[in-house]
Amino acid sequence: MGRRNRNKLFTEIEVTDAGAKGKAVAKTPDGRVVFIDNAVPGDVVDIQTTKKRKSYYQGTATEFHKLSSKRTEPVCQHFGTCGGCKWQNMEYRYQLEYKQNEVENNLRRLGKIELPEVTPILGSKDIYFYRNKMEFSFSDSRWLTQKEIQSGENIENRNALGFHIPGMWDKILDIKKCHLQEDPSNDIRNFVKRFATENEMAFFNTRQQEGLLRTLMIRTTSTGEIMVLIQFYEDRKDQRELLLHAVAEKFPQITSLQYVINQKANDTIYDQEVICFQGRDHIFEEMEGLKFKINAKSFYQTNSEQAYNLYKITREYAQLKGDELVYDLYTGTGTIAQFIARSAKKVIGVEAVPEAIKDAKENAQNNNIENVEFYVGDMRKVFTSGFVAKHGKPDVIITDPPRDGMHQDVVNQIIGILPERIVYVSCNSATQARDLALLDAHYKVTAVRPVDMFPQTHHVENVVCLEKRS
């Protein structure tokens with residue numbers, strides 16, 4: 001006997017909230033929460049559930065009885081299929097409101113700590129075309145629309161250059177215009193696809209692991225520099241150089257044109273040789289007179305303008321007078337460390353990624369910053385009592401960990417040191433709340449400010465200042 005279909009249809013349900021990985025939130029008549037893919041708070045909808053869990057459902061809105069006043073018309077033709085901008089159908093002021101609520105709810109509900117009045121979220125001046133890095137994938141079997149499938153036509157050319165369909169590792173949505181990175185990003189991507197197709201270059205087939213063209217990365221900076229990196233699977237010099245020469249000729253403003261030949265099963269380039277075809281092997285970003293060298297493998301915040309605002313808030317919360325020793329944990333390429341260096345006596349940065357520390361040291365040297373030092377290694381193994389004994393007890397700790405937050409050993413080490421002040425930058429306020437709860441016996445939260453780095457998405461950064469309890 002087949003398993004019974006446990007999916008349900010709920011009719012005329014009001015959507016009440018947003019958050020939870022960009023999904024809308026409603027409550028069903030049986031009291032369970034339901035997370036919905038395609039609705040906006042204020043909509044009244046019929047919901048077809050797709051999954052049932054102990055305390056919640058997942059579902060899709062199938063009919064709209066009333067549209068929310070918080071709605072706006074999405075600007076992108078790919079919205080709803082591409083998973084990149086889940087909130088394009090919600091006015092930006094409401095996006096900010098829900099991001100602010102998420103941060104406050106996580107800190108209060110999960111952290112269960114006393115909070116000061118949370119400063120209003122810092123919105124982004126640019127709500128489109130704000131990203132400085134985009135990565136696109138080639139495919140010889142692009143995602144077909146429902147209309148194309150139902151037409152019954154034999155579609156011979158299925159080449160695509162775009163984004164993975166959410167949850168489908170082998171299906172690529174062909175992108176005509178993306179609203180995340182300013183031009184010439186769209187022009188470069190569309191030219192590469194058109195030229196490659198006209199010259200019968202093979203787009204990658206993920207299942208068969210064959211084809212010439214694999215990925216395209218475009219990086220830009222606020223100074224107008226552009227990096228383009230094409231990742232090839234097959235090593236075919238004639239076709240590779242034909243394409244690269246065409247790109248260089250069409251877009252002479254490209255600062256750095258590079259390529260990778262990658263025949264691994266995955267398309268990450270961090271263990272691959274990057275070859276410079278034309279121009280420099282790097283580009284430069286600038287911030288308050290500091291220059292940051294960015295190569296193909298470098299990490300740099302993907303919203304340059306909001307990164308600058310984030311760092312200014314971090315510096316403000318650090319309240320440096322010029323005589324402090326500062327530890328910058330999870331320093332990355334040392335951007336924050338160098339940004340605050342002129343306000344401190346000395347800054348020590350620690351990071352697990354060797355390439356990032358190499359970039360940090362080189363950037364500090366290029367910027368003539370002599371009061372910073374950088375060390376590489378697993379944070380919980382490097383940041384020890386012996387490390388502190390050797391380098392000195394910090395007056396201020398700045399920490400900007402990955403989404404998982406800080407390892408408990410790192411939190412315990414901070415408690416063992418008890419610096420006067422901690423500035424905690426986080427891209428995940430849920431794990432930040434957990435860590436703040438662990439610090440609560442020794443530190444009081446004195447300031448909180450969310451920063452929106454990624455408009456049209458649910459992602460939000462948050463900066464917290466903690467002062468040692470007397």
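Since we're looking at a predicted model, the values are computed, not measured. Along the sequence shown, residues carry numbers from 1.
Note that the CG atom of Asp435 and the OG atom of Ser429 stand 11.5 Å from one another [nearest 0.5 Å]. Distance check: Ile230 CD1 to Met217 CE gives 11.0 Å after rounding to the nearest 0.5 Å. Separating the NZ atom in Lys312 from the CG atom in Leu310 is a distance of 11.0 Å, to the nearest 0.5 Å. In this structure, CG in Asp43 is found 8.5 Å from CD1 in Ile36, a value given to the nearest 0.5 Å. Here the CG atom belonging to Asn266 is positioned 9.0 Å from the CD atom belonging to Gln209, to the nearest 0.5 angstrom. The SG atom of Cys427 lies 9.5 Å from the CD atom of Gln432; values are rounded to the nearest 0.5 Å.
Within the structure, ring pair (Phe, Tyr, Trp, His ring centres under 6.0 Å) pairs that include any residue of residues 47-67 comprise Phe10-Tyr57, Phe35-Tyr56 (at least two apart or interchain). Note on residues 437-456: no pairs pass ring pair (Phe, Tyr, Trp, His ring centres under 6.0 Å), not counting sequence neighbours. Listed by first and then second residue, the ring pair (Phe, Tyr, Trp, His ring centres under 6.0 Å) pairs that reach into residues 87-122 come to none, sequence neighbours excluded.
Side-chain contact annotation: Gln306 with Asn309, donor-acceptor N/O pair under 3.5 Å present. In this model, a donor atom of one side chain and an acceptor atom of the other lie less than 3.5 Å apart for Ser304 and Asn132. With no hydrogens or angles considered, no side-chain donor-acceptor pair links Glu225 and Thr223 at under 3.5 Å. Between the side chains of Gln319 and Glu467, at least one donor-acceptor pair of N or O atoms lies under 3.5 Å.
Lys21 places no side-chain N or O within donor-acceptor distance of the main-chain N or O of His458, the cut-off being under 3.5 Å. Judged purely by atom type and a 3.5 angstrom limit, Glu461 has no side-chain atom pairing as donor or acceptor with the backbone of Val425. Side chain of Glu351 to main chain of Val353: a donor-acceptor pair is present (N/O by atom type, distance under 3.5 Å, no hydrogens or angles). Although no hydrogens or angles enter the test, the distance criterion places a donor-acceptor pair under 3.5 Å between the side chain of Thr221 and the main chain of Phe284. Formation of a donor-acceptor pair under 3.5 Å by the Arg131 side chain with backbone atoms of Lys133 is found in this model. Side-chain atoms of Gln48 come within 3.5 Å of backbone atoms of Lys8 as a donor-acceptor pair (strictly under, hydrogens ignored). Side-chain atoms of Ser68 come within 3.5 Å of backbone N or O of Pro41 as a donor-acceptor pair. For Ser426 (side chain) and Asn462 (main-chain N/O), no donor-acceptor pair under 3.5 Å exists by modelled atom type. No side-chain donor-acceptor contact under 3.5 Å links Arg449 to the backbone of Val463. At least one donor-acceptor pair under 3.5 Å links the side chain of Arg158 to the backbone N or O of Arg142.
Considering every non-hydrogen atom in both Glu91 and Ser69, the closest pair reads OE2-O, 4.0 Å. The shortest heavy-atom contact between Lys297 and Ile269 is CE-O, 3.2 Å. Smallest separation of non-hydrogen atoms from Asn428 and Thr431: O-OG1, 3.1 Å. Of all the heavy atoms in Ala26 and Ile47, the pair that sits closest is CB-CD1, 4.4 Å. The two residues Ala447 and Tyr317 make their nearest non-hydrogen contact at CB-CZ, 3.6 Å.
Taking the six-membered ring for Trp and thresholds of 30 and 60 degrees, Phe204 and Tyr233 have ring planes inclined between 30 and 60 degrees apart. The aromatic rings of Phe251 and Phe191 stand perpendicular to each other, their planes meeting at an angle above 60°, with 30° marking the opposite boundary.
Under the salt bridge (charged side-chain N to carboxylate O under 4.0 Å, His left out) criterion, Glu104 pairs with Arg108, sequence neighbours left out. For His459, the side-chain hydrogen bond (donor to acceptor under 3.5 Å, both in side chains) criterion is met by no residue, not counting sequence neighbours. Applying the salt bridge (charged side-chain N to carboxylate O under 4.0 Å, His left out) criterion to Asp359, with sequence neighbours excluded, gives no partner residue. Residues meeting the side-chain hydrogen bond (donor to acceptor under 3.5 Å, both in side chains) test with Gln231, sequence neighbours left out: Thr215, Asn262. By the side-chain hydrogen bond (donor to acceptor under 3.5 Å, both in side chains) test, Arg380 is found to be paired with His407, Asp409, residues two or more places apart in sequence or in another chain being considered. The salt bridge (charged side-chain N to carboxylate O under 4.0 Å, His left out) check on Asp37 picks up Lys23, with sequence neighbours excluded. Residues forming a salt bridge (charged side-chain N to carboxylate O under 4.0 Å, His left out) with Asp30 (at least two apart in sequence, or on another chain): Arg32. Taking the side-chain hydrogen bond (donor to acceptor under 3.5 Å, both in side chains) definition, one finds that Gln181 meets it with Ser185, sequence neighbours left out.
The side-chain heavy atoms of Lys264 and Asp271, taken from C-beta on, include a pair separated by under 4.5 Å. At least one side-chain heavy atom of Ile422 sits less than 4.5 Å from a side-chain heavy atom of Ile414. Side-chain contact between Cys85 and Leu180 is present, with at least one heavy-atom pair separated by less than 4.5 Å. Between Gln301 and Tyr311, the closest side-chain pair of non-hydrogen atoms falls below 4.5 Å. Looking at His164 and Ile172, their side chains come closer than 4.5 Å, going by heavy atoms from C-beta outward. Counting heavy atoms from C-beta on, the side chains of Ile397 and Phe383 come closer than 4.5 Å. Between Tyr130 and Glu305 the shortest side-chain heavy-atom distance does not fall below 4.5 Å.
No more than 12 heavy-atom neighbours from other residues, nucleotides or ligands sit within 6.0 angstrom of NZ on Lys86. Summarising the local packing, NZ of Lys66 is surrounded by 12 or fewer heavy atoms from other residues, nucleotides or ligands at distances under 6.0 Å. For Lys468, the NZ atom sits in a packed shell: over 12 heavy atoms of surrounding residues, nucleotides or ligands are nearer than 6.0 Å.
A salt bridge links Glu288 with Arg315: the distance from a Lys NZ or Arg NE/NH1/NH2 to an Asp or Glu carboxylate oxygen falls below 4.0 Å. Salt bridge Lys27/Asp17: absent, no basic N to carboxylate O contact under 4.0 Å.
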- Report the C-alpha separation of Asp404 and Arg434 in whole Å, then their side-chain angles, then the decisive distance to 0.1 Å, and conclude whether the salt bridge (Lys or Arg N to Asp or Glu O under 4.0 Å) test is met. CA-CA 10 Å; Asp404 288 344; Arg434 177 203 67 205; over 6 Å; no

- Message: Under the criterion side chain to side chain donor-acceptor pair (under 3.5 Å), I'd like the reasoning laid out for Glu285 against Ser222: C-alpha separation, chi angles, the key distance, then a yes or no.
- Response: CA-CA 6 Å; Glu285 184 58 274; Ser222 61; 2.3 Å; yes

Donor-acceptor list for residues 110-127 side chains, cut-off 3.5 Å, not counting sequence neighbours:
| from | atom 1 | to | atom 2 | distance (Å) |
| --- | --- | --- | --- | --- |
| Lys112 | NZ | Arg109 | O | 3.0 |
| Thr119 | OG1 | Val448 | O | 3.4 |
| Ser124 | OG | Asp126 | N | 3.4 |
| Ser124 | OG | Asp126 | O | 2.6 |

